[in-house]
Each structure stands twice: as structure tokens, then as C-alpha cells.
Amino acid sequence: MPASPAPSMKYAPAKPPLTGETLETLAARLGERGEPAFRARQILEWVYKKRARSWDGMTNLSKATRAWLADTFELMPAALVLNRQSADVTDKLLLELGDRSLIETVIIRAPQDGVGLDHSRKTICISTQVGCAMACVFCASGLAGLRRDLLAGEIVAQLLQVCYLEDARTPRARAELASFDNIVVMGMGEPLANYDALIRALAIVNAGWGLGFGARRITVSTSGLVPGILRLADEPLGFRLAVSLHGATDAVREKIMPVNRAYPLSRLLPAVKAFATRHGRMVTLEFILLADVNDSPDQAETLREIARDLHAHVNLIPYNTVEGLPWRRPSPERQEQFADVLRAARVSVTLRREKGHDIAAACGQLRLQTEKGAAQAGPDLD
Ligand code: SAH
């Protein structure tokens with residue numbers, strides 16, 4: 001098992017996605033064609049504010065410009081192939097990319113009193129790689145290893161697809177705004193192993209000419225790549241950080257997360273602290289509860305000390321069973337006992353009432369089922 005991600009296959013489609021271009025890079029391309037400086041802004045307004053679904057829909061561009069765009073870029077590099085809804089609370093989108101790879105994007109709605117679900121707070125969970133190299137033993141995404149990194153434009157496209165769906169569902173007065181409240185980079189893949197594409201995508205999502213989405217509402221979740229955490233701490237846009245801890249001691253953590261061998265807690269925790277100090281915002285520690293693996297009172301007590309030292313929020317997540325893997329979640333009583341150890345010390349903690357269990361919402365599970373199904377049906381998809 002690689003303790004740090006192996007370099008993945010480079011993917012360079014004949015037509016790169018337009019959603020991977022920044023205002024500057026697009027303006028430079030257009031400038032070479034002798035187009036005026038405002039043209040790039042005009043095109044990006046069609047993409048992000050007016051949500052144009054075709055080149056022909058960009059009616060204030062000349063036919064020649066539209067033809068050049070169509071020859072040069074893919075407008076939407078991720079096609080929606082499946083939307084599985086769960087009790088109206090979760091939408092799990094399966095998207096197909098240009099090379100037929102499948103990725104997942106999830107819409108999670110938090111029901112609120114007095115408003116319909118369409119107006120509830122929405123968190124969008126996006127993927128950054130096809131598969132994953134981190135090989136965490138409990139996770140469906142890593143079972144088949146890493147296939148490739150996503151392009152920045154494929155990361156951005158996931159959010160545009162969500163906008164298309166939400167725009168159709170709930171027409172809003174200011175239709176140009178993003179139709180969700182938070183972004184979590186917690187889908188398939190290790191975001192900090194695809195660092196440059198991640199940052200480029202998030203800069204596009206954040207830019208005024210892009211989706212105009214606040215960096216403070218974007219959380220990047222990592223399995224613990226220390227150099228990436230330190231780099232992220234230095235980014236001018238202040239993204240939030242979540243760390244998948246899942247073990248409060250090296251002995252427990254390295255059993256389930258091979259990354260702990262390269263970056264043990266003695267290196268990880270100071271990096272998280274440096275990030276928190278730099279940003280002055282709480283970091284989140286994610287801790288999935290696995291029966292008989294990491295759910296002992298000892299683990300709870302050690303986690304409590306780590307959280308206090310980092311002044312971190314702890315998100316306890318009862319494990320979501322993956323077909324073919326032996327891991328189970330502890331009983332609800334044992335989950336509560338674990339949480340109580342943290343609560344008693346006034347550590348900020350949530351015990352996640354999990355959403356979307358019935359539609360395989362955890363990381364990589366829908367893709368896995370779809371690919372397994374396709375493999376059984378014949379060699380068509382993969
Ligand atoms: N690679 C990044 C982000 C993607 S995983 C990371 O490790 O943080 C997002 C979160 O889902 C991680 O905390 C991961 O450990 C967790 N996860 C993976 N499989 C899960 C499962 N079956 N049930 C619950 N959480 C799971």
C-alpha cells in the first residue's frame with residue numbers, strides 16, 4: 001500500500017473544459033484571436049451567472065466566436081447519469097466524465113422548521129479524484145485504488161450541475177447566485193493529493209466572475225497529508241479544514257489509515273495546530289465510529305485531549321457499512337457514551353445523525369455499486 005499517493009495517470013482531453021479556465025487564462029486565449037478584453041467576462045457570465053447550457057444559448061456572441069468556443073472547449077465535462085434521492089434529504093448524483101469515468105457529488109439538505117426542504121440549507125459534497133490512493137481500510141472509494149486526478153474544470157462542473165438542478169427545482173429572485181450554502185470537499189479522492197487542480201477549482205468557485213462563493217463556506221477534508229495542510233494554511237483564500245482522524249493514537253490510526261505511517265500524529269497534529277493558529281477558525285476533526293476498532297473509552301479520552309489542545313470541533317460519524325467490508329458501527333448507546341466523554345469536557349462535538357444511508361451516501365459507494373453492476377452486466381462501462 002502506498003503511504004503517500006502515487007502519481008496518477010495524466011488526463012488531457014482533446015477539448016479542455018471551459019470550467020477550468022480563469023478569467024485571465026480565457027482572456028489570454030481570446031486575446032490571441034484578437035477579441036476584445038471584455039469578451040472573457042461576457043462568456044464566463046453566460047456560464048456561471050446565466051447558466052447557459054449550450055454555446056448557441058450565448059446570444060450576444062458572434063457566430064464565429066461561438067464556433068471557436070465549441071471547437072476549443074467542452075462546455076460541460078461532467079454529464080449527469082443518475083440522481084438517487086433519499087427521503088428528500090439527500091441527492092446523490094453520479095456524473096460521467098469524458099473518458100467515461102464516474103464520480104459522485106452529493107446534495108445534503110438540512111431540514112429547518114417552517115421552511116420547505118427546497119429552501120433548507122444545502123451542503124454540496126464534491127469529489128477531487130476518480131478513486132483514491134490513500135487506501136483507508138474502511139472506505140469504498142479506495143478499494144480499487146486511484147484511477148486519476150480530476151481536472152479543475154471537472155471539480156467546478158460538479159457544482160454547476162448542482163446549480164442546474166436546484167435552479168429548475170426552486171426558481172429564485174436572484175437566479176445568478178449559487179443555490180447552496182456550503183461546499184465540503186469530502187467526496188471521492190484525497191483533495192490535497194490533487195492540490196493544484198483543487199486550488200484552481202476553488203478559486204474559480206470563489207471568484208466574482210465565477211460562482212462568487214465565499215471561501216469561508218468551503219471546507220477541505222484531508223486524510224492527513226501534512227505538506228498539503230501546511231500549503232493550504234498559506235493560501236490567501238481562507239478555506240476551512242477538516243481532518244479525518246479516525247484514531248486518537250498512532251496504534252489505532254495506522255491500522256486503518258496507511259497515511260499515518262508517513263505522517264504520524266506527532267507530525268499531523270502540529271500541522272493542524274499551525275493551520276488553526278493561522279486562520280483563527282476552528283478546525284474540524286472527523287472521527288468515524290468503528291465497533292471494536294476505535295470506540296473505546298480510552299480512545300474517547302485521548303481524542304478529548306487532542307481536541308482541547310487544538311481547540312477543534314469533533315464530528316463523530318457512525319460508520320456507514322460498505323458491502324464486502326467487515327467493519328460495523330457501534331450500538332447507539334456506545335456512540336452516546338463516546339460522545340459523552342467529549343461533552344463532559346465541554347469539547348464542541350456533534351454525533352452525526354447520518355443522512356442518506358439507504359442510498360449509499362458514504363464516499364464512493366454509489367460508484368462502486370454502479371461499476372459492479374456494470375461489470376456483472378458486461379464489459380460495457382469499464
Ligand atoms: N480523502 C479525504 C476526503 C474524502 S473522504 C478525507 O479522508 O478526509 C470523506 C470522509 O468520509 C472521510 O472522513 C472518510 O474517512 C469518511 N468515510 C469514508 N468511508 C466512510 C464510511 N463508509 N462511513 C463513514 N465515513 C466514511
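Both ligands and their constituent atoms are indexed starting at 1 by order of listing. The residues of the chain are indexed from 1 along the displayed sequence.
At a heavy-atom cutoff of 4.0 Å, ligand 1 is contacted by the backbone of T222 but not by its side chain. Contacts between V322 and ligand 1, counted as non-hydrogen atom pairs separated by less than 4.0 Å, involve the side chain only. Residue-level proximity to ligand 1 for H246 is carried by the side chain, the only part with a heavy atom below 4.0 angstrom.
Checking each of V184, T219, L93 against C125 for a side chain to side chain contact (heavy atoms under 4.5 Å, CB included) leaves exactly one that passes, namely V184.
Listed by number with element, the atoms of ligand 1 under 4.0 Å from a non-hydrogen atom of F138 are 15 (O), 18 (C), 19 (N), 22 (N). Atoms of ligand 1 lying under 4.0 Å from at least one heavy atom of C139, given by number and element, are 18 (C), 19 (N). Proximity to Y319 (heavy-atom distance under 4.0 Å) selects the following atoms of ligand 1: 21 (C), 22 (N), 23 (N). Using a 4.0 Å cut-off to heavy atoms of S223, the atoms of ligand 1 that qualify are 6 (C), 7 (O), 8 (O).
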With side-chain hydrogen bond (donor to acceptor under 3.5 Å, both in side chains) as the test, would you mind laying out the steps for R334 and Q337 before giving the verdict? CA-CA 5 Å; R334 195 146 164 102; Q337 278 166 10; 4.5 Å; no
Verdict with reasoning, T128 to E190, per side-chain hydrogen bond (donor to acceptor under 3.5 Å, both in side chains): CA-CA 7 Å; T128 52; E190 167 50 51; over 6 Å; no
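Within the set S221, G187, S141, the minimum heavy-atom distance to atom 4 (C) of ligand 1 is found for G187.
When side chains are defined from C-beta on, L202 does not count as touching N206, because their heavy atoms never get closer than 4.5 Å.
Within the structure, ligand 1 has E190 among the residues with a heavy atom less than 4.0 angstrom away. Ligand 1 lies within reach of G189, whose nearest heavy atom is under 4.0 Å from it.
Taking the side-chain hydrogen bond (donor to acceptor under 3.5 Å, both in side chains) definition, one finds that K273 meets it with D309, sequence neighbours left out.
The aromatic rings of F287 and H246 lie perpendicular to each other, with more than 60° between the two planes, well past the 30° mark.
The shortest N/O to N/O separation between E286 and ligand 1 does not fall below 3.5 Å.
No donor-acceptor contact under 3.5 angstrom links the side chains of T105 and Q161, judged on distance only.
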Expected list for residues 298-308: side-chain donor-acceptor pairs under 3.5 angstrom, two or more places apart:
from, atom 1, to, atom 2, distance (Å)
Q299, OE1, A248, N, 2.7
Q299, NE2, T249, OG1, 3.1
T302, OG1, D298, O, 2.9

